[in-house]
Amino acid sequence: MEESLARDFIRAIIEEDLKNKTHEEIITRFPPEPNGYLHIGHAKSICLNFGIARDYNGRCHLRFDDTDPSKEEIEYIESIKEDVKWLGFDWGDHLYYASDYFEKMYEYAVLLITGNKAYVDDLSPEQIREYRGTLTRTGKESPYRNRPASENLDLFRRMKDGEFDDGACVLRAKIDMSSPNMNMRDPTLYRIKKVPHHRTKDRWCIYPMYDFAHCLSDAMEGITHSICTLEFEDHRPLYDWILDQLPVPCHPRQIEFARLNVSHTIMSKRKLGLLVEKKAVSGWDDPRMPTISGLRRRGFTPEAIRTFCDRIGVAKTNSVVDLALLEHYIREDLNKRAPRMMAVLSPLKVVIDNYQEDKVEWLDAENNPEDPAMGSRKLPFTRELFIERDDFMEDPPPKYFRLAPGREIRLKHAYYIRCETVEKDPKTGEAVEIHCTYDEKTRGGWSEDGRKVRGTSHWVSAPHALRAEVRLYDHLFCVPNPAEEKDIVQSVDPESLTVLDGCLVEPGLADAKPGDTCQFLRQGYFSVDADSKAGVKKRLVFNRTATLRDTWAKIQKKQ
RNA sequence: UGGGGGAUUGUGUAAUGGUAGCACGGCAGAUUCUGGAUCUGCUUGUGAGGGUUCGAAUCCUUCUCCCCCAGCCA
């Protein structure tokens, strides 16, 4: 074998298994429950499982762990498939559902009963809880524990045939009520739920529990390494126990790793769903959400997410990754690929007094200084322009390089302009229009005499500019670890979304399509939102994916 | 006070008996037609004590702290 690809302890185990010939082909799986949308934490697991399959020429199955029809929906199955594909992974022909195995699982359960390894328990849920004991007190055996196999077989069949109500009885493994591992105290294997299943419809009214279904699904698919998160560590003895009792095709090895946490957001599907339900966000794909669909709408790229997942590492230590790291990788990716555009978010009118009225010059503007192959475009320059309100100050503080009375700046790709006079609102004192002169010898944005200007501003031509709505996003929560907050809905930062209407963008953006990404020069990366409309009802909406690093903001903070 | 895991700099992660490295963040500077990007330098770390060893993040030992488990959820 060539160079080791082992970047983490799981790959190290796999390489060892390959070396020892324990396995010749590596088969992993990504097993989501279709009860919510995928988030960045799932992306870590997807990149791990599919990444391992790719690295070792194996394969990775997509398997829906659909054993609880009361919580699962088709909508989630569709979104999960879409998200995995969008992230850039392909399960080929290997799309499976735990529900596809219900028949086989039932047979395995019968085998367990026949071998006196499982029994039907009539205890109520409350009684089962009492009998289970506590962390420090051992449990006690159910009075139904020693029913003969024949009786259990009959009862289990009748459970399946719908003779009993929900909760009347369950099938339990017969293991050890005094085990220090709670999972081994005769865990429930099957429960009655007279709920139609989104795939098997009314075929079943008993459904297997995770612990029974998961190991068997893995074994039936020939999974070699069953990678899951830390909380299942305690379940591994049960995973192994079940497979040891039954004539299964193989016995996969379960390996646990720490799930991903990211600062300033949450990963709990339940809490994310609560935000959606309580309308604290616009939906699962709200651009502030850490969901894959939210990140996609926000303008993140699959490449950036994959790079992030590859770089955060895989270990068993509980940790919280700084959101700044995710932002770093999207900036890194978009810096290379996003075409630069000019957009004025908070417009301030500028009149170039010595520029001929009605004249329009079409100036060259490079699309991306990082990549000359992206070419250039033409930008209209006229006597009346708009610049960013923040780019002008009547009485600027030290280190302010932008426009102020008497000062000269460069308009990107255009001319040097000097501020001559300011028109102010008599009531507020706020600048409403500034008058400038331009130096016609600085066309293109540079001067032959070599004089320097410290500031460069972006701008749009007033008669050509297009109106747009721009949505600025910030951390969903201002606290670094919102998972610890009592009321998650209340904790949403009201300033996590700022809607700016009346923004002005350059005319080249007229045909922008939802999903298109660009950099608004000096401001950040933006993506066209799905709320945008073409045609008569023309509407342009941009989502801010990420800001640019902002040194000036830091200087201001310190002042 | 049962069982299972874990602890390396601000954050994340390497180093498996031989110079504690990398990335992000932060700070300083260079450079720049984006206060972007790029480049350079810096950045109080092996949870604590004892032991083995020429040499310990790594091995032994005692302790401390953190996470998970008592669903007919996954």
Side-chain angles (χ1 to χ4, degrees), chain A residues 7-8 12 31-33 35 65 67-68 70-72 121 123-125 128-130 132-139 166-172 178-185 187-193 206-207 209-211 213-214 228-237 256 258 260 263 269-270 311-329 331-332 335-336 340 342 366 368-370 399-402 410-414 416 442 444-446 452-458 480 519-524 547-556:
Chain A
R7 302 193 297 259
D8 54 70
E33 183 187 14
N35 67 343
D65 217 339
T67 56
D68 186 354
S70 63
K71 293 181 178 169
E72 298 154 6
D121 195 349
L123 251 29
S124 69
I128 287 184
R129 196 184 322 128
E130 282 169 31
R132 185 153 32 225
T134 67
L135 297 179
T136 51
R137 206 179 64 238
T138 159
D166 286 14
C169 51
V170 291
L171 182 73
R172 287 231 254 171
S178 64
S179 172
N181 181 345
M182 301 295 285
N183 296 118
M184 300 300 271
R185 320 245 263 230
T188 301
L189 265 22
Y190 268 91
R191 75 287 215 191
I192 302 170
K193 264 183 203 262
I206 57 170
Y207 295 97
M209 298 287 288
Y210 165 85
D211 286 305
H214 204 88
C228 63
T229 45
L230 252 30
E231 68 270 26
F232 292 103
E233 226 156 5
D234 280 350
H235 293 242
R236 190 174 355 112
E256 310 86 11
L260 169 66
S263 70
K269 260 198 269 183
R270 189 186 62 80
R311 301 293 173 76
I312 51 176
V314 178
K316 298 193 70 157
T317 317
N318 287 313
S319 62
V320 181
V321 176
D322 197 329
L323 183 58
L325 193 59
L326 217 206
E327 289 179 342
H328 166 77
Y329 288 116
R331 286 193 188 108
E332 182 184 71
N335 178 47
K336 289 176 298 189
R340 292 336 68 147
M342 295 219 265
E366 62 186 348
N368 189 341
E370 302 292 318
K399 293 188 186 169
Y400 185 85
F401 304 151
R402 284 113 90 147
R410 167 173 39 239
L411 291 182
K412 181 80 179 173
H413 303 308
Y416 289 6
T442 57
W446 63 283
K452 296 279 184 205
V453 285
R454 286 301 297 270
T456 300
S457 282
H458 54 278
Q519 181 195 104
F520 285 165
L521 223 60
R522 304 208 298 137
Q523 309 200 87
T547 59
L548 253 27
R549 282 184 63 229
D550 191 348
T551 310
W552 170 238
K554 280 181 197 164
I555 295 170
Q556 273 180 309

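Proteins get letters first, then strands, A, B, ... in listed order; numbering begins at 1 in each.
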Watson-Crick or G-U wobble partner of [N], both distances under 3.5 Å:
N     : value
B:U1  : none
B:U9  : none
B:G25 : B:U43
B:C54 : B:G18
B:A48 : B:U62
B:A30 : B:U38
B:C72 : none

Matching residue for A:V170 among A:I206, A:L189, A:T188, A:L123 - test: side-chain contact (heavy atoms from CB on, under 4.5 Å): A:T188

Would you please confirm or rule out a distance under 4.0 Å between OP1 or OP2 of [N] and any side-chain N or O of [X]?
X      : N     : value
A:S179 : B:G3  : no
A:T67  : B:A74 : yes
A:K316 : B:C68 : no
A:H328 : B:C24 : yes
A:S70  : B:C73 : no
A:R522 : B:G35 : yes
A:R7   : B:A14 : no
A:T317 : B:A7  : yes

Syn-anti status, with the boundary at 90° from 0, for the nucleotide B:G25: anti

Have a look at [X] and say if it touches a base, only the backbone sugar-phosphate, or nothing, with a 4.0 Å heavy-atom cut-off.
X      : result
A:R311 : nothing
A:K269 : nothing
A:L323 : nothing
A:H458 : nothing
A:E33  : sugar-phosphate
A:K193 : sugar-phosphate
A:T456 : sugar-phosphate
A:V453 : nothing

Donor-acceptor pair present, [X] side chain and [N] base, under 3.5 Å:
X      : N     : result
A:Q523 : B:U34 : no
A:D234 : B:G3  : yes
A:E231 : B:G4  : no
A:R191 : B:G71 : no

Base of B:A74 and ring of A:Y210 stacked, centres under 5.5 Å, planes under 30°: no

Pairwise 5' ranking along RNA chain B for A:N183 and A:F232, keeping only the more 5' one: A:N183

First of A:K71 and A:F401 reached from the 5' end of RNA chain B, by closest nucleotide: A:F401

Presence of salt bridge, A:D166 and A:K193, under 4.0 angstrom: no

A:E233/A:K316 salt bridge by N-O under 4.0 Å criterion: yes

Atom P, compared across B:A57 and B:C63: separation rounded to whole Å: 23 Å

Euclidean distance for C1', B:A30 against B:U44 (whole angstrom): 27 Å

Nucleotide nearest A:R549 (side chain, heavy atoms from C-beta), chosen from B:G26, B:U34, B:C72: B:G26

A:L325 side-chain proximity, nearest of B:A23, B:C67, B:C72: B:A23

Pair A:Y400 + A:W552: ring centers closer than 6.0 Å: yes

Backbone N/O of A:P369 and side chain of A:R340: donor-acceptor pair under 3.5 Å: no

A:R137 side chain vs A:R132 backbone, donor-acceptor pair below 3.5 Å: no

